[in-house]
Every structure is written in structure tokens, then in C-alpha cells.
Amino acid sequence: MIEFIKKNFYSNRSITGPGIKNILKYLKKLHPKMKFIKFNSGEKIYDWTIPYEWDVKKAYIDDDKGKRIIDFKNNNLHLVGFSRPINKWIKKKELLKKIHTHKIKSAIPYITSYYKKDWGFCVSKNDLKKFKSKKYKVLIDSKFEKGTLDIGEITFKGKMNFEIFFSTYVCHPSMANNELTGPAVQNKLIEYVSKLKNRNFSYRFVFLPETIGSIAYINKKLDVLKKNIISGFNLSCLGAGNEYSMICSREGRTLPDQLLKKMLKKKEKYKIYSFLSRGSDERQYCAPGIDLPLVTLCRSKFGKFKEYHTHLDDLKFIKKKTLDQSFELLKNLIEIHENKIFYEIKELDEKNLFPKTNIMCEPFLTKYNLMSGLTSENNYQKIQQLMNVLVYCDGKKSIYQISSFCKIEIKKLISILKILKNKKLIYF
């Protein structure tokens, strides 16, 4: 995993352009089964438009004596991502308006302007003292051209069509923890799953640009994703920090919510964030109308470590031990699905996991021999659990969400669902 990160660290990756294409080609060499999904520049995707491809050859700032103050080739974080081309002399006062710094004086910040044509440079506050001239030569040799937004996808077939889904993003340049640790761990998970014999579940892995990539992918694959995915995991920031962190799905009651919470509570240090603390692609996968059963896993959560989105998130910042631990946790999650969840679903023997009632309002239980004619407290208690299950059978909640709502073990829930189905009170 460390070697994977080192090989891709210095590439100027963005949401489109040569950088992201190169890492996807690198992954394709590792996994020849990987397929590329492409979206054309200008294509409308829900409320968004696929941007043009961006490439930059060089970018720098020289003082009036020709001394180079800032140079993109020394660190590609020096240039605001998606900067438009410029070649002109600028007075110091105007130039400083285009210079971005970070609260940590030694840190070069990571700044982008994907969807508004602009330009800028990023420097440490310590480097501001280098700006002593009255005017500066500013050059950004960049270009925008029609092309594609690219996504890498690899799938593995199992006994069931139900899928375990993993997603990570490959658009952040020259930062190790955020974000090359997610792709590095996911790459190792692909190696592991590819060698699994007699897979019970199917698996889907995607590498994409954050936000616009997941939105485009959902737009293209929504029906398949909603039909097949039973557990999804968005991977980010897995190489630094002693704690484990998860961001729950919007409702917080899906199968991956339950499994990951249970696993993290066995760890010495962990933090569980609600969906209100979202910030990565869980924003899209769990959005209203999408509602995939997905959570985000991090070590120290993005935005919670001081090196976040700066050049201080470098190769020295991440730890091999932390990466190994992150991989082992995810491998254990796969094993739980293969060795436990599979048999629960197999027992249910349905093509989907979303029971739906056939009855408007409450059913007349006496008619189905589920309740005697006597209205005693004892009879009420016996049927209350059954009715609790039925009231959540709306076709939108999975059996694992219903289990969480009703606080019923999944084995008991399945037996209740079988009764309801036999009485033709529900269907799947």
C-alpha cells in the first residue's frame, strides 16, 4: 500500500485531465478486468455539468528581477486547481489578492476552483516575506479542452447478485492521507476479493473524482445500485490517526451502519459521526432518492487533523501500521458478510430485501388467525412485535433497517416476515 501511494503521490491529479487518467491506467495494469466509464465534457448529470479537461504545463511567479518566487513544478499544490491561463505583469497589491495561505504558517494549502473560472496560487505564510518587489510576472500555462470525466470500475461475481460496494476518490494531488490511502487500501481489497474462492456475494469497486464523479456514476448506474447493493463503504483518510471514524448513512440504520458500529465499539478509540457531519461521497450515495446502504470509514476523519488539505499531508504523515489496520478491519467486514450475512439472506430466500405491505391501514388480524377475538393485554403483547414489523414494511426499508427500528434480532425478524408473507400480508 505504501508503494502504491509513493508511485502516485506527485501526479497532478484533478477531477478531469491527464493526472486522473494516469492513475486509472495504473490501476488497469494492476487489474486488467477494470473497465473505464466515461462522461463527455458538457454532459448534463442531474443538476451538474461535466467540466472540460484541465491540464497545466507550468506555472510560476517571478519578481521584477527575474527571481522565481513560486514554482508549480516544486509542489503542484502551489497552483489553485483548475486555474485558467494567465501571462502578465501584476502589481504586488493585486497579486496578493490571488495568493492563498493557511492558518499553519508553514503549510501550503490545497485550493480548487472547479466550477468558476479563476486563477490563484497557494503559499505558506512564511513564504509571503519573499514578495518584496512592486510588480511580478505571473504565468499559468494551462488549458481547458473537451474530453471526458473518467471512472474506473471492477466487479466480481458471487453466488448472489447482492453486492458489497466500495468507493474511493482519486482526484486529490500530492496529499498522502487525503487521498491516496483510500485508493491504496481499496486496491489491496480488490486483490483479496479476487482470490476469494466460492464468493457468496458479488463485489463492486469504483475509483472516481469526488462529488462530480459519484454523481455521474449514480446517474448511470442507479437502478443496478439500488437493486443489488446491501452494504456500501466509502473509503477516505485511512493512513493516519489512532482512532477509527465512521460517518453514518442518512438514517443511520442500514446494514453497514450496524456492522461497522459494532466493530468500532470493540476498538480502543473510535468516533461515530452522524450524517450531519458528512463531507465526502456519502453525500451523494445517501442523498434523498438515492439512499444506498453506505457509510464512510476513516481513521482521523477528514477535516479533523491539522495537516488536512495542506502539503503537510505528505508521505511522512501516513503510517504503514495504520494502513494495515484499516485493511484488516475492512477484510473482517467482508468475512462477516461472507460467513454470516449470506446465510441470513439465504434463509429469507428473496430476490430483494425490502418487504412491502399488501394492506392499507392495519390488517384485520382475526381474519388471518393471528389474533383471537378477545382483547386482552396478553394477546396484545403477543401481536405487538408482529405489528411493529408490519408497520415498517413500506418497500423502502431493508430487513436490516426494520431490525434496527424494531430492535429485533435478524433471525427472529426473518421468522416474522415468513409468517406475514405466508398470510399474504407482505411481498418482496
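The analysis underlying the following values was restricted to heavy atoms, covering all of them including side chains, and did not include hydrogens, waters or symmetry mates.
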Going by salt bridge (charged side-chain N to carboxylate O under 4.0 Å, His left out), name the residues that satisfy it together with D63, two or more places apart in sequence or in a different chain. none
Are R250 and D291 close enough for a salt bridge, meaning some N to O gap below 4.0 Å? yes
By salt bridge (charged side-chain N to carboxylate O under 4.0 Å, His left out), K67 pairs with (sequence neighbours left out) none
Step through the shown structure and confirm whether more than 12 heavy atoms of other residues, nucleotides or ligands are within 6.0 Å of OH on Y10. no
Around atom CD of E328, are there more than 12 heavy atoms from other residues, nucleotides or ligands closer than 6.0 Å? yes
Would you say the ring centroid of H78 lies under 6.0 angstrom from that of H311? no
Grab the two heavy atoms, one from K397 and one from P355, that are nearest each other, plus how far apart they are. O-CD, 3.8 Å
Examine R199 relative to F156 and say whether NZ or CZ is less than 6.0 Å from the centre of the six-membered ring and inside a 45° cone about the ring axis. no
Result of checking F82, Y52, Y114 against F144 for ring-ring contact (aromatic ring centres under 6.0 Å, His included): F82
Test F4 against every option in Y26, F327, F207 by the ring-ring contact (aromatic ring centres under 6.0 Å, His included) rule and name the one that passes. Y26
Would R68 pass as a cation-pi partner of Y60, given that its NZ or CZ must be under 6.0 Å from the six-membered ring centre and within 45 degrees of the axis? yes
Lys NZ or Arg CZ of K301 over Y273 ring: under 6.0 Å, within 45°: yes
Parallel, tilted or perpendicular: which fits the ring planes of F205 and F166, with parallel below 30° and perpendicular above 60°? parallel
Please test K418 against E347 for salt bridge (charged side-chain N to carboxylate O under 4.0 Å, His left out), starting from the C-alpha separation and ending with a verdict. CA-CA 10 Å; K418 285 183 174 181; E347 173 70 17; 2.7 Å; yes
Check the angle between the aromatic planes of F342 and F201 and answer parallel, tilted or perpendicular using the 30° and 60° thresholds. perpendicular
Using a strict 4.0 Å threshold on nitrogen-to-oxygen distance, state whether K143 and D55 make a salt bridge. no
For Y169, run the side-chain hydrogen bond (donor to acceptor under 3.5 Å, both in side chains) check against N178, N234, T211 and tell me which one passes. N178
Show the nearest heavy-atom pair for residues R299 and G241, with the distance to one decimal. NH2-O, 3.6 Å
Separation between CD1 (I345) and CD1 (I341), nearest 0.5 Å, reads 7.0 Å
Are more than 12 heavy atoms from other residues, nucleotides or ligands located less than 6.0 Å from atom NZ of K227? no
Check the pair E335 / K340 against salt bridge (charged side-chain N to carboxylate O under 4.0 Å, His left out), numbers first and verdict last. CA-CA 8 Å; E335 290 169 348; K340 180 177 182 290; over 6 Å; no
D127: which of K130, K129, K125 passes salt bridge (charged side-chain N to carboxylate O under 4.0 Å, His left out): K130
Quick one: sort the F405 and Y392 rings into parallel, tilted or perpendicular, breaks at 30° and 60°. parallel
Begin from the C-alpha positions of K195 and E191 and carry the test salt bridge (charged side-chain N to carboxylate O under 4.0 Å, His left out) through to its verdict. CA-CA 7 Å; K195 295 173 184 176; E191 292 175 1; 5.6 Å; no
